[in-house]
Asks: 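One structure, pasted below without further comment.
All chains are named by letter (A, B, ...) in the order of the sequence lines, taking the proteins before the strands, and each is independently numbered beginning at 1.
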Amino acid sequence: MTNLTEQQLVQAYRRMKTIREFEERLHIEIATGQIAGFTHLYAGQEAIAVGVCEHLSDADSIVSTHRGHGHCIAKGADVLKMMKEIWGSTEGTCNGKGGSMHIAEVERGILGANGIVGGGPPIGVGAALASKLKKNNTVALSFGGDGSSNQGTTFEAMNMAVCLKVPKIFVMENNGYSENTGASYSSGGIDIAARAESFGMPVFKADGSDFFSVYDAANKAIEYSRRGDGPSVVYATMMRYFGHFEGDAQLYRAKDEVKNLRETSDCLDNFRTRVSDDKLLDLAVLDAVDDEVLALIEQSVQDAKVAPRGTLADVTKDVYINY
Amino acid sequence: MTNLTEQQLVQAYRRMKTIREFEERLHIEIATGQIAGFTHLYAGQEAIAVGVCEHLSDADSIVSTHRGHGHCIAKGADVLKMMKEIWGSTEGTCNGKGGSMHIAEVERGILGANGIVGGGPPIGVGAALASKLKKNNTVALSFGGDGSSNQGTTFEAMNMAVCLKVPKIFVMENNGYSENTGASYSSGGIDIAARAESFGMPVFKADGSDFFSVYDAANKAIEYSRRGDGPSVVYATMMRYFGHFEGDAQLYRAKDEVKNLRETSDCLDNFRTRVSDDKLLDLAVLDAVDDEVLALIEQSVQDAKVAPRGTLADVTKDVYINY
Amino acid sequence: MPIKTARDALNEAMFHEFARDPNVFAIGEDIAGGRGGSSGDIGCVGGIFGVTKGLVAEFGEERVIDTPISESAIVGAAAGAALSGMRPVAEIMFADFFGVCLDQVMNQVAKFRYMFGGKTKCPLVIRCNTGAGYSAAAQHSQTMYQMMTAIPGLKVVVPSNAYDAKGLLISAIQDDDPVLFFEHKLLYQSECEVPDEAYAIPFGEAAMPREGEHCTVVAFGQMVNVAAQAIDSLAAEGITCDLIDPRTTSPLDEETILESVEATGRLVVVDESPPRCGLTADIAGMVADKGFSSLRAPIKQVTAPHSPVPFAAELEAAYLPKAQDVAAAIRETLK
Amino acid sequence: MPIKTARDALNEAMFHEFARDPNVFAIGEDIAGGRGGSSGDIGCVGGIFGVTKGLVAEFGEERVIDTPISESAIVGAAAGAALSGMRPVAEIMFADFFGVCLDQVMNQVAKFRYMFGGKTKCPLVIRCNTGAGYSAAAQHSQTMYQMMTAIPGLKVVVPSNAYDAKGLLISAIQDDDPVLFFEHKLLYQSECEVPDEAYAIPFGEAAMPREGEHCTVVAFGQMVNVAAQAIDSLAAEGITCDLIDPRTTSPLDEETILESVEATGRLVVVDESPPRCGLTADIAGMVADKGFSSLRAPIKQVTAPHSPVPFAAELEAAYLPKAQDVAAAIRETLK
Ligand SMILES: Cc1ncc(C[n+]2csc(CCOP(=O)(O)OP(=O)(O)O)c2C)c(N)n1
Ligand SMILES: Cc1ncc(C[n+]2csc(CCOP(=O)(O)OP(=O)(O)O)c2C)c(N)n1
Ligand SMILES: [Mg+2]
Ligand SMILES: [Mg+2]
């Protein structure tokens, strides 16, 4: 039923769990007022980021969104540095310059979270174009939400990718909302995956609460693009567990929406059920992973709290390479 | 076979012929070096502008493109003033401030030619939104070429029109080229009408060399939007007779492309054949129109050549209403 | 007079103008909020800083229009509606997002009247939040109003307090030219006395929240408050200053600035934008020409550095001009 | 040395860099031309002003990439490729079209390195034509480089002659930071001596095409030639001037300007952008601070008016700063 090795399964679970705990902990820490800025939590949608990124190596690239923690962790970003970045330390991923919305590890193929909705897809086309020109068999992905599918830049990127026939995968994450507005309203009730299809790209749909569903869809899309057939699309649906950003009162959501999601559509639960039903893994292995992840997150927060902060001299550093 | 009155048929022919002669004459005049700037001629595509605009009153609006003469004349713009504008006179449509790419008569529902590819569709959504809010039963149209269908703003406008359910008609004119690039290349060989369809809008297709075909398609689209069902699309194909702009060497076109078009797909010829075959009009009536149009164009050029030009004092006028 | 936050003052201005003129409507992302949501609670947001709160309940869904994330289409929709006789108030959530809709602002809205030979008008307002101070990082903290001031055809408003915010927004909505209205993130919570009734503050007339004799200080938006703090701190040293808040950067009240410099002979200009091609240079350059003969010292500009806005709170604080920077610049001019 | 047009000089620069570095590629609308056309003549255009002519024949279709009309995707594609180790040279046909792709330029390209903590680079060039003089009207005649100079993270190049154009474009392509390269429409046909071989002109080093004693004139791009004409015309009156062509507006060679003003005591700044928040104010403001003690007269700015660019040839000519305007400003400083 699945051709994933045990090691791969454990890694997938570990990454989903790491994202989950990273976000759950941030939710708590942010409430204490220690973390500045806008933080958009990904919890709930972990299966999408991980289901997609498990197909990638460091040589492949992703471009993420404002809701980027999940994508970055799934692509292998350094969690300790990420936490420090979010706390604003000079030891963070971006030396405290970027924060939650701009986590990037370019040498690991993470071309940045992105605070501009629709900012990422054109950049992903460029990374894919580099793959094509270098003929190095890599692919590039960009993530985007239902909301971002209304931004003109997303369409331009899709058409450009088709025109230039680059190995680009558009991951469309429909989580039902763009900020406080329902996805169905924003698109006049019309299926947003159809937009991608209208450019002639194959669209592979997945249940975003099910790692295996996403993994399979992503496999097809990435294989299609990697073998040189041009861009493709992964379309996955799953709602977020938290507000649009931390501080969002979520009055646009029905009272029990998240409670129900957590009970019936949790990707970690689904994963555990599946691997146990299909006897793919011993659940005790995953319990051990849970402990390790919790310890890692605890450490990351302890480290971040005491990590050094920048000073005036740092402000004007790294605007240019030379000037 | 057609429910157009004789008077309507003559008016349609007159407008197509006026556009044609306006453009043919400009082609000659521009070659003499008297006219400054970039001029994009519409000749060949007349049936599209006229077939669409014959359904409109002054209270309906259009937003045009860089290739705007045809749309403006079809919507009833003052031809004498247009010619003066293109010559740069203060008696021109825009007092010499706009030129060919910015002809506008807002009180007649002409919200401007537009030098920015994709600039018009969002503006058309706004005009349609005004129709909806005022409940005055008017509609708004924007024209756009195959090239403009790749600009993000066009997609945003389509989605916004669907979301707000405004009486907006998108007229997509596929003339096979955006500047020196073939339409099939720019869209990766994929049907550009499908894009509009993917937003859930009905698309009515037409042969852009046949007034009656366009008239019928536009009728359906405009009726659909006017009765409150939301935005719709007219998709018409027909190539231009001249270069992208006057001065274009057209090396991207096969040698006989235009010659063949003129011989086999001319909208004026097609119109004459149809009205004569179907006994809708006496061709002598159209011959008389031809004479009138030629006289009008001749007059417009003579007037334009001697019309007054602006001075320094005009430069800073009309930037603001008050400042 | 009642004390109100600028958020409430702006909200009142919207209510006044919506009630006065049925052609006024608002359009933007989440300016009502909740459409298509599972709770059905439409109007639950009122814009991310609450400026349009309550409008939809009072004036109905047709006049308070939530949109997809499509800034070009938002501005375009406002533009087309304005050409068609309406008076839209569009909201672009963050000033930084002019990046995705500059064409509509710069090449369309700003130029219609001119390109069309003065035969039309485009009366719209685009509101947005501006500036740093929220650790919102490089893509959500820019000022942008300096770039917009460079564009002929636009009027640009940068209020520094709740009272002005209300009166200037009312003027903006009543103005027949396109107006960009920049609300600083730190402005929303700032409070002062604000009348309940409607009032209009004319464009191109500076305010002078401090008067003094030693130096003229011109500051924009949030920096007016920083400069005021600096000036107040200098009283102990016997230094007093004129503080000029232009309120609108386009049109600009040159006269008030020049008159003040004529009296003080010294000028410090303060803005939180980076230094290049900004408003501080704009004012300095203007005075170095028209007020040259009055000048008794170098004109000092206090700005952010030539760098994007950093995320970390410590770095952002270091990035922003502070009262001590302004005080130091004033002292410099008196050396 | 051979005489060449700037168009040819720029074309040579492209050929040199394409040959030198296989990671260099070009992307834009019709930079080859003819793709998808019925003649099959690919490469028939070479950019609307011919700067990329012949590249596709020499270096192949993979390295000379025509695109749909999608400026955001063009800049985005260049950006992503640059982050991935390539050296793209993108063409945005007219500078005015930064309106439809400003986000990618301002919020992405300019800020990557900073936002990512200095751990990456984005070596790309965006070429575009700029300026008025073609009766191309309000949406195809803007300068835009003043607005781009305001954006930290970008380097901005504004060549005034064929020799500089070549050397600066070579530097731009070799630079590790993002560079915007503005080619004036009237520059393309202008001629001077240009070596056949490759050479690089460093950024941030002004040229001084005229030297004199009475006044310092700083001018940008095409206006360097207008200013030179003005200065030459004043020789008859016994007036001589330093003429400074900064060549790059970011970085800016402040030193050369300040040294000159120290000697002359007078400054005129010339640019064809409108007056507000532009480069003339930028230079004037800088000198009114750092060069204040040298100044013996008001600093004069010669600019276009605060208006869009009009279409009609007569109006456009009236709009643009002319040699006599510059001469008048110089005389003013000597009163
Ligand atoms: C150009 C732009 N417009 C608006 C915003 C403000 N904004 C940030 S996230 C967001 C909603 C995005 O929705 P979606 O793409 O569905 O992603 P999600 O938040 O659901 O993950 C909005 C409107 C922005 N950051 N950029
Ligand atoms: C944003 C923008 N990009 C590029 C151009 C340059 N340009 C003018 S017309 C044109 C081609 C337009 O093609 P299409 O939409 O098919 O219209 P057509 O010219 O065929 O009528 C281009 C690229 C422009 N004016 N605006
Ligand atoms: Mg979403
Ligand atoms: Mg076309």
Asks: Kindly indicate, with the supporting measurements, whether the criterion side chain to side chain contact (heavy atoms under 4.5 Å, CB included) is fulfilled by C/Gln139 and A/Asn114.
Replies: CA-CA 9 Å; C/Gln139 293 176 336; A/Asn114 205 310; 3.4 Å; yes
Asks: In chain order, what residues pass the salt bridge (charged side-chain N to carboxylate O under 4.0 Å, His left out) check against A/Glu105, with sequence neighbours excluded?
Replies: A/Arg108
Asks: Taking atom CE of A/Met101 and atom CZ of C/Phe311, what is their separation to the nearest 0.5 Å?
Replies: 8.5 Å
Asks: Give the C-alpha distance, both sets of side-chain angles, the deciding distance and a yes or no for side chain to side chain contact (heavy atoms under 4.5 Å, CB included) between C/Ser38 and A/Tyr177.
Replies: CA-CA 10 Å; C/Ser38 51; A/Tyr177 293 101; 3.0 Å; yes
Asks: When rounded to the nearest 0.5 angstrom, what distance separates OG in A/Ser186 from CZ in C/Arg35?
Replies: 10.5 Å
Asks: If you measure only the distance, is there a donor-acceptor pair under 3.5 Å linking the side chains of C/Asp30 and A/Thr181?
Replies: yes
Asks: What's the separation between atom CD in C/Glu71 and atom CG in A/Asn150, rounded to the nearest 0.5 Å?
Replies: 10.5 Å
Asks: Could you point out which residue of A/Val315, A/Leu312, A/Asp314, A/Thr316 forms a side-chain contact (heavy atoms from CB on, under 4.5 Å) with C/Tyr319?
Replies: A/Val315
Asks: Please table the atom pairs, donor to acceptor, closer than 3.5 Å between any side-chain atom in residues 39-49 of chain C and protein atoms at least two apart or in another chain.
Replies:
{"from": "C/Ser39", "atom 1": "OG", "to": "A/Leu251", "atom 2": "O", "distance (Å)": "2.6"}
{"from": "C/Ser39", "atom 1": "OG", "to": "A/Tyr252", "atom 2": "O", "distance (Å)": "3.2"}
{"from": "C/Ser39", "atom 1": "OG", "to": "C/Asp41", "atom 2": "N", "distance (Å)": "3.1"}

Asks: I'd like to know whether A/Lys97 forms a side chain to side chain contact (heavy atoms under 4.5 Å, CB included) with C/Leu315, so could you lay out the CA-CA distance, the side-chain angles of the two residues, the decisive distance to 0.1 Å, and finally the verdict.
Replies: CA-CA 8 Å; A/Lys97 294 276 180 65; C/Leu315 296 177; 4.3 Å; yes
Asks: Could you state the interatomic distance from CD1 (A/Ile116) to CZ (C/Phe94), rounded to the nearest 0.5 Å?
Replies: 9.5 Å
Asks: I'd like to check A/Ser148 versus C/Ile69 (side-chain heavy atoms, cut-off strictly below 4.5 Å). Are they in contact?
Replies: no
Asks: Under 4.5 Å from any heavy atom of chain A, what part of C/Ser70 do you find: side chain, backbone, both or neither?
Replies: both
Asks: What part of A/Val117 gets within 4.5 angstrom of chain C, counting heavy atoms only: side chain, backbone, both, or neither?
Replies: side chain
Asks: Taking all non-hydrogen atoms of both residues into account, name the closest pair between A/Tyr185 and C/Asp66 and its distance.
Replies: OH-O, 2.6 Å
Asks: Can you label the angle between the A/Phe38 ring and the C/His140 ring as parallel, tilted or perpendicular, going by 30° and 60°?
Replies: tilted
Asks: Apply side chain to side chain contact (heavy atoms under 4.5 Å, CB included) to the pair A/Gln151 and C/Val100, showing each step before the final yes or no.
Replies: CA-CA 9 Å; A/Gln151 183 65 247; C/Val100 288; 3.8 Å; yes
Asks: So for atom NZ, which belongs to C/Lys185, do other residues, nucleotides or ligands contribute more than 12 heavy atoms lying within a distance under 6.0 Å?
Replies: yes
